[in-house]
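Scroll down for the structure; my scribbles are underneath it.
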Amino acid sequence: MARQFTRQTVRRWNLNSICDDAVQIASELVANAVRHGRPEAETADGPHGAVWLALALRPRTLLCIVRDPNQLRPRLTAPQPMAEGHRGLPIVNALSHTWGFTMTPETPGKAVWARMELPAA
């Protein structure tokens with residue numbers, strides 16, 4: 001769903017040249033949020049257990065934001081050469097101009113975001 005939403009939105013905004021990268025970034029951030037950011041299964045469906053994705057078009061950037069209910073800060077670490085996991089944030093780091101996270105004090109959790117520069121007009 002995250003890939004489809006991102007692809008449709010980015011194409012609607014006529015940003016075809018960065019569509020594949022935007023889809024990959026959204027996919028990695030959502031996968032991390034679902035895998036690492038959700039509480040135990042019995043409380044995951046409550047109002048604070050949701051994972052959501054938002055895209056924001058700014059004058060010079062496309063912002064991808066994924067919120068999850070976990071307070072753990074994301075860490076960029078190099079994966080082991082033969083490891084199958086721990087590649088999400090290195091991919092986001094490689095494809096985005098900048099990325100980071102914001103803790104949300106009103107509700108438990110954080111928003112992880114990645115910013116992509118828009119192509120020159």
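Note that the coordinates shown come from a computational prediction; the quantities given were computed from them, not determined experimentally. Heavy atoms only: backbone and side chains are in, while hydrogens, waters and symmetry mates are out.
Under the 4.5 Å side-chain contact rule for hydrophobic residues, Val92 and Leu15 share a cluster. Note: the hydrophobic cluster containing Val112 also contains Val51 (ILVMFWY, side chain heavy atoms under 4.5 Å, direct or indirect links). A continuous path of hydrophobic side-chain contacts links Phe5 to Met116 [ILVMFWY only; heavy atoms under 4.5 Å]. Hydrophobic clustering of Ile, Leu, Val, Met, Phe, Trp and Tyr side chains at less than 4.5 Å, counting indirect connections, unites Trp99 with Met103.
By the 4.5 Å heavy-atom criterion applied to side chains, Val66 and Trp52 are not counted as neighbours.
Side-chain contact, Ser96 with Arg115: no donor N or O sits under 3.5 Å from an acceptor N or O.
Rounded to the nearest 0.5 angstrom, Thr9 OG1 and Leu62 CG are separated by 9.5 Å. To the nearest 0.5 angstrom, Asp68 atom CG is 3.5 Å from Lys110 atom NZ. If you take CZ on Arg7 and CG on Asn16, they are separated by 11.0 Å, rounding to the nearest 0.5 Å.
Just one residue in the list Val30, Leu29, Ile65 forms a side chain to side chain contact (heavy atoms under 4.5 Å, CB included) with Leu53, and that residue is Val30.
Nearest heavy-atom pair, Leu55 versus Thr6, reported as atom, atom and distance to 0.1 Å: CD1-CA, 3.8 Å. Closest non-hydrogen pair, Ile25 versus Ala114, comes out as CG2-CB, 3.6 Å.
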